[in-house]
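The next block holds one structure in the form of structure tokens; read it before the comments.
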Amino acid sequence: MKGLPEDRAVRFALYIIENGATVRDTAREFGISKSTVHKDVTERLPVINNKLYRQVKAVLEKNKQERHIRGGQATKLKYAHGE
């Protein structure tokens, strides 16, 4: 994804907020690395738009608290299919 990092950061933030997406989901959607998404929303976004950053931070914190549940569900599905 080309473009200014500032524009990218805002686009990533809006996607995360609207979809409750994880950094990994966002990276997959935009076809870029997780590192780029993480850097844009945690380092660049607070300087560009602090209000938007706080909203993204809330979604990412929620995702972080729930990740052990998603991991358990993935493992359950893996073994349910006999892999």
Side-chain angles (χ1 to χ4, degrees):
M1 174 178 193
K2 294 185 180 181
L4 295 173
E6 294 81 11
D7 294 338
R8 268 196 333 237
V10 172
R11 289 179 64 194
F12 296 159
L14 293 174
Y15 180 80
I16 289 169
I17 293 166
E18 290 171 4
N19 298 293
T22 62
V23 169
R24 187 177 295 225
D25 293 336
T26 306
R28 191 177 304 122
E29 176 68 24
F30 288 92
I32 55 165
S33 73
K34 295 179 298 184
S35 300
T36 302
V37 173
H38 190 266
K39 180 173 181 119
D40 284 351
V41 298
T42 60
E43 294 180 19
R44 292 190 174 109
L45 191 60
V47 176
I48 300 165
N49 186 333
N50 198 26
K51 182 179 178 184
L52 196 57
Y53 167 71
R54 285 182 299 207
Q55 292 175 313
V56 168
K57 186 176 177 183
V59 173
L60 294 179
E61 282 297 319
K62 178 179 172 261
N63 288 340
K64 187 175 180 180
Q65 291 172 353
E66 295 174 349
R67 71 180 168 195
H68 68 283
I69 296 169
R70 286 192 303 274
Q73 290 170 339
T75 302
K76 181 179 178 182
L77 285 175
K78 176 182 175 183
Y79 289 105
H81 293 304
E83 294 180 17

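Note that this is a predicted model, so its numbers are computed, not measured.
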*CG on D7 to CZ on F12, rounded to 0.5 Å*: 10.5 Å

*Could you tell me the separation between the NZ atom of K57 and the OG1 atom of T42, rounded to the nearest 0.5 Å?*
10.5 Å

*asked:* Within this structure, what is the OG1-CD1 distance for the pair T26 and I16, rounded to the nearest 0.5 Å?
replied: 4.0 Å

*Any chance you could measure R11, atom CZ, to F30, atom CZ, to the nearest 0.5 Å?*
5.5 Å

*With sequence neighbours excluded, residues passing side-chain contact (heavy atoms from CB on, under 4.5 Å) with V23*: K34, V37, H38, L60

_My understanding is that only residues two or more places apart in sequence, or in another chain, count here; which of them pass side-chain hydrogen bond (donor to acceptor under 3.5 Å, both in side chains) with S33?_
T36

Under 3.5 Å donor-acceptor pairs involving side-chain atoms of residues 43-56, not counting sequence neighbours:
from, atom 1, to, atom 2, distance (Å)
R44, NH1, D40, OD1, 2.3
N49, OD1, K51, N, 3.3
N49, OD1, L52, N, 3.0

*asked:* Checking K62 now: which residues fulfil salt bridge (Lys or Arg N to Asp or Glu O under 4.0 Å) with it, not counting sequence neighbours?
replied: E66

